Amino acid sequence: MGLLLKEGIDINLIKSAILAFSIIGFLLILINIFPIFKNRLPNYSLQLAGLIGNTSFLGIPIAIALLPSKTINFTIGFDLGTTLFAWIFGPFFLQKKSQKNNIPYIKGLLNALINSPASRGIIGVLLAYLFQIDGALGNYLWVPARIVIALAIITVGTRLGLITNQKDKILDLNEEIKFSILLKLFILPFIIFLASKFLNFDFYQSAAVILQAGTPTAISTILMAEAYGVRQKIASKILFSTTLISIVTIPLLTICIKAVNETTYKG
């Protein structure tokens with residue numbers, strides 16, 4: 001909410017949010033329609049872990065460090081689109097189905113939407129605009145927002161520390177988990193790259209959304225898996241593995257983005 005009030009809600013933020021939300025939704029549908037993909041990612045825990053990135057805790061700090069401030073709305077928009085999708089459809093897919101039919105309760109879906117951190121942030125911003133206190137409130141929340149972003153890295157590290165204390169071998173990965181990691185760190189950023197080219201994003205706009213797409217698996221996937229008792233160990237392994245591997249892949253993404261800029265945008 002602090003970042004949104006400081007930078008304002010504009011068309012760039014909306015475009016980026018729609019891009020993230022629609023691409024993740026499209027890929028989820030694609031995976032479940034075609035057997036060749038479904039056989040490799042047979043459950044929603046694997047699929048969500050391969051599509052929902054740690055855009056809040058890692059993506060935004062990385063973007064602030066590497067990109068100019070003019071791209072912040074693209075970064076925040078992608079985070080909002082991803083977060084909304086995760087907290088709306090994560091519970092939608094992971095919650096237990098009704099014994100009478102296979103349609104999840106609409107009430108549960110509405111509760112997930114209302115309780116989404118992104119939804120609450122947007123509602124807070126809209127209320128601030130309504131009462132014309134967005135300027136003062138934005139300045140007031142800017143400092144704690146930056147502090148929270150900085151401390152978010154500690155949250156990730158703490159969570160990873162808890163995972164490494166588990167008795168199971170955290171790097172004992174089966175083929176399904178490897179496909180989920182491949183989807184998260186390589187395939188999704190490439191698809192976002194193609195989408196940004198199609199939408200005629202400039203270099204910095206493309207870099208903002210590609211870096212967000214290349215973030216490791218979100219902590220929310222573990223939180224939802226634990227809340228619904230669905231394959232927590234799988235979610236933990238993918239979170240740990242993608243975070244570890246992203247130490248290499250994110251710098252590589254940055255190098256590739258710069259190389260594309262030199263050959264395409266300047267050419």
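Since the model is a prediction, treat every value here as computed from it, not as a measurement.
- Residues Val248 make up the rest of the hydrophobic cluster containing Leu252, defined by ILVMFWY side-chain heavy atoms closer than 4.5 Å, directly or through other members.
- Applying the side-chain hydrogen bond (donor to acceptor under 3.5 Å, both in side chains) definition to pairs two or more places apart or across chains, those involving residues 26-41 are Asn32-Lys38, Asn32-Gln47.
- For Ala17, there are no side-chain contact (heavy atoms from CB on, under 4.5 Å) partners, not counting sequence neighbours.
- Here the straight-line distance linking atom CG of Leu46 with atom CD1 of Ile238 works out to 5.0 Å at 0.5 Å rounding.
- The side-chain heavy atoms of Phe21 and Leu84, taken from C-beta on, include a pair separated by under 4.5 Å.
- For Ser16, there are no side-chain hydrogen bond (donor to acceptor under 3.5 Å, both in side chains) partners, not counting sequence neighbours.
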- Intermediate values then yes/no, side chain to side chain contact (heavy atoms under 4.5 Å, CB included), Ile31 and Leu183: CA-CA 11 Å; Ile31 290 169; Leu183 173 61; 4.0 Å; yes

- Would Thr243 and Asn54 count as a side chain to side chain contact (heavy atoms under 4.5 Å, CB included) if you check the C-alpha gap in whole Å, the side-chain angles of each, and the deciding distance to 0.1 Å? CA-CA 9 Å; Thr243 303; Asn54 199 350; 5.6 Å; no

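- Remark: Leu66 CG to Leu211 CG distance equals 6.5 Å, nearest 0.5 Å.
- Using a 4.5 Å heavy-atom threshold, the side chains of Thr55 and Ile60 count as separate.
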- Hey, mind stepping through Leu48 and Phe89 against side chain to side chain contact (heavy atoms under 4.5 Å, CB included) and telling me if it holds? CA-CA 9 Å; Leu48 291 173; Phe89 292 103; 5.9 Å; no

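- If you run side-chain contact (heavy atoms from CB on, under 4.5 Å) between Phe85 and each of Ile23, Leu80, Leu28, only Leu28 comes through.
- Taken together through direct or relayed side-chain contacts under 4.5 Å among Ile, Leu, Val, Met, Phe, Trp and Tyr, Ile255 and Tyr204 form parts of separate hydrophobic clusters.
- The side-chain contact (heavy atoms from CB on, under 4.5 Å) check on Ile245 picks up Ile181, Leu185, Thr249, with sequence neighbours excluded.
- When atom types are taken as modelled, the side chain of Thr215 and the backbone of Gln212 share a donor-acceptor pair closer than 3.5 angstrom.
- Minimum interatomic distance between Pro189 and Gly214 (heavy atoms only, all atoms of both residues): CG-CA, 3.6 Å.
- Looking at every heavy atom in both residues, Val209 comes nearest to Ser196 through CG2-CB, 4.3 Å.
- Under the side-chain hydrogen bond (donor to acceptor under 3.5 Å, both in side chains) criterion, Thr242 pairs with Thr217, sequence neighbours left out.
- Counting only distance, with no hydrogens or angles, the side chain of Gln205 and the backbone of Asp202 share a donor-acceptor pair below 3.5 Å.
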- Message: Assess the residue pair Phe203 and Ile257 against the criterion (side chain to side chain contact (heavy atoms under 4.5 Å, CB included)); give the C-alpha distance rounded to whole Å, side-chain angles, the decisive distance to 0.1 Å, and a yes or no.
- Response: CA-CA 8 Å; Phe203 165 65; Ile257 292 168; 3.2 Å; yes

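- What you find for Leu13 and Ile76 is that their closest heavy atoms are CD1-CG2, 4.0 Å.
- What you find for Ile52 and Ala86 is that their closest heavy atoms are CG2-CB, 3.7 Å.
- Note on residues 176-190: no pairs pass side-chain hydrogen bond (donor to acceptor under 3.5 Å, both in side chains), not counting sequence neighbours.
- For Leu199, the side-chain contact (heavy atoms from CB on, under 4.5 Å) partners are Leu19, Phe201, not counting sequence neighbours.
- One finds the NZ atom of Lys237 at 13.5 Å from the CG atom of Leu239 (value rounded to the nearest 0.5 Å).
- Between Ile210 and Leu253, the closest side-chain pair of non-hydrogen atoms falls below 4.5 Å.
- Connectivity analysis of hydrophobic side chains (ILVMFWY, heavy atoms under 4.5 Å, direct or indirect) links Ile11 to nothing; its cluster partners are none.
- Scanning for side-chain contact (heavy atoms from CB on, under 4.5 Å) contacts around Ala208 gives Leu67, Thr71, Phe74, Thr75, with sequence neighbours left out.
- Note that the CZ atom of Phe198 and the CG atom of Leu194 stand 11.0 Å from one another [nearest 0.5 Å].
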